[in-house]
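Worksheet: the structure to be examined is printed underneath.
Remember, it's 1-based here, ligands and their atoms both numbered in the order they're listed. If you read the sequence from its start, that first residue is 1, and numbering goes on from there.
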Amino acid sequence: MDYLKINSVKSLNGKIQISGAKNASLPLIAMTILAKNSVNIKNLPHVADINTLIKLLSNLGADCKFLDDRVTIDTKPLHETKATYDIVKTMRASILVLGPILARFGHCEVSLPGGCAIGQRPIDLHLKALEQMGAKIEIKSGYIQATTPNGLKGCDINFDKITVTGTANIVMAAVLADGVTSISNAAREPEVVQLCEVLNANGAKIEGIGTAVLTIYGTGGKLIDIKEFSIIPDRIEAGTYLCAGAITRSEVTLTHVEPKHLGAVISKLEEMGSKFSITEDTITIHPSQNIKPVKITTQEYPAFPTDMQAQFLALATQADGVSIIEEKLFENRFMHVSELQRMGADISLNGHTATVNGKAKLCGTDVMATDLRASSALVLAALIADGETNIHRIYHLDRGYDSLEKKLEGVGANIKRLSE
Ligand code: UD1
């Protein structure tokens, strides 16, 4: 198994190119199930989750050719409709194939994803919405078994909670359904917006993109022609490297980035004392001597993202004063706290709220990655911890960060990937 060995450095300096967004790529790869043609997708990140979804589509019979940051997916030969446990257990987002497969073939089986390190993460809202559209759903032997005896029909769906992959799943199902589907309390994340925009650019009709109410006019089962498109930049990867600049008090420039997607992250970093120069597709963070404490509550987009909570918690350990970080989306998303404490951080946890007493002197040691974003928080802490930090179980990190050690090494970090 690989691990990362990181020694602290005085500061970082240079440019980091941001990769395509993992969370935009996943629904857009699943979307190829709605296409009648072979689809080219550009600017995919090199991360394990993308390989997993492409493997899932290949197992179902699709013809996938993945080279560098491009994939060509032809779902014409797709004939299997069962997403088996061996794949789904490695990536919960496999559930994204349920909506499009069901809409196209009238039946689909997906293994129940089960629990996850950051919380229960149920998929009840996906299933309830599909049932409203006319699907018959049974849970048998750990599998969701869905059929559409009378096809999928457009209807009014109101999500009790905002769900990102739930919205994507229902949008894709609704594109092939009969009639008009309206989704209220829809997710407004840029990744959902890109899915809707790509669909609209290719013959689907979706209104309200980027708002909480989406109206989707179904094609009545007609597959669509999808032209080549490019994945939007990864706002969470970008936010993580901005935190790397802030925690090491360095000047770092991100390129190929979309500053508009990082409003809440940049504004929290500004509150903490960081200064920025921003162009259309670059962000430079300038060194600041003192890091100020902060109050953060994670919420759905456009508010502060839960996927940046762990990284800001690591940064808050270096603030002069007390920071309060409240996690509103996932019940168990503080696994990184005990590892940061082992490095010397002073953090107390009370339910969904972490109180971080800064500034703590962090010391390198052996730590364990527990989930994707928790892993990057440990990397940030290691960049400034005294001595050497070894981060184990980095397969979590590899699920969502493209070439992290190469990108950080490129700006002067002392970081190596080794095998144990
Ligand atoms: C997506 C992102 C993930 C991010 C999360 C929240 C992808 C591949 N993953 O995950 O990185 O952390 O959004 O921004 O895009 N919920 C239910 N029932 C459901 C669905 C969700 O109760 O059927 C709850 C969840 O437990 C959670 C909240 O709704 O508390 C939001 O979850 P959701 O937006 O669905 O997260 P994901 O789409 O899985």
Are any of the side-chain heavy atoms of Gln311 and Ile236 separated by less than 4.5 Å?
yes
Would Glu191 count as a contact of ligand 1 if the rule is a heavy atom under 4.0 Å away?
no
Atom indices of ligand 1 within 4.0 angstrom of Val164 heavy atoms, with elements:
1 (C), 13 (O), 15 (O), 33 (P), 34 (O), 35 (O), 38 (O)
Within a distance under 4.0 Å of any heavy atom of Lys161, pick out the atoms of ligand 1 and give their elements.
22 (O), 24 (C), 29 (O), 30 (O)
Counting from 1, what ligand 1 atoms have a heavy atom of Thr306 closer than 4.0 Å?
6 (C), 12 (O), 14 (O)
Within a radius of less than 6.0 Å around NZ of Lys328, do more than 12 heavy atoms belonging to other residues, nucleotides or ligands occur?
no
N/O of Ala93 under 3.5 Å from N/O of ligand 1, yes or no?
no
If you draw a 6.0 Å radius around CG in Asn350, do more than 12 non-hydrogen atoms from other residues or ligands fall strictly inside?
no
Using a 3.5 Å cut-off on N or O atoms only, is Phe330 in polar contact with ligand 1?
no
Would you say Arg333 and Thr306 are linked by a side-chain donor-acceptor pair, where the criterion is simply a distance under 3.5 Å?
yes
Identify, by atom number and element, the atoms of ligand 1 in contact range of His126, meaning under 4.0 Å from any of its heavy atoms.
23 (O)
Less than 4.0 Å is my threshold; does some heavy atom of Pro122 fall inside it relative to ligand 1?
yes
Atoms of ligand 1 less than 4.0 Å from Arg333 heavy atoms?
12 (O)
Any chance you could measure Tyr401, atom OH, to Glu237, atom CD, to the nearest 0.5 Å?
7.5 Å
Report the relative orientation of the aromatic rings in His46 and Phe66; use parallel for angles under 30°, tilted for 30 to 60°, perpendicular for over 60°.
parallel
If you measure every N/O of Asp124 against every N/O of ligand 1, is any gap under 3.5 Å?
yes
Side chain, backbone, both or neither: which applies to Asp307 and ligand 1 if a contact is any heavy-atom pair less than 4.0 Å apart?
side chain
Rounded to the nearest 0.5 angstrom, the CE-CG distance for Met172 and Leu102 is 12.0 Å
Flag for Asp402-Ser19: side-chain donor and acceptor within less than 3.5 Å:
yes
Would Lys268 pass as a cation-pi partner of Phe312, given that its NZ or CZ must be under 6.0 Å from the six-membered ring centre and within 45 degrees of the axis?
no
Side chain, backbone, both or neither: which part of Ile162 comes within less than 4.0 Å of ligand 1 when only heavy atoms are counted?
backbone
May I ask which of Leu329, Asp160, Thr163 has a heavy atom nearer to atom 30 (O) of ligand 1 than the others do?
Leu329
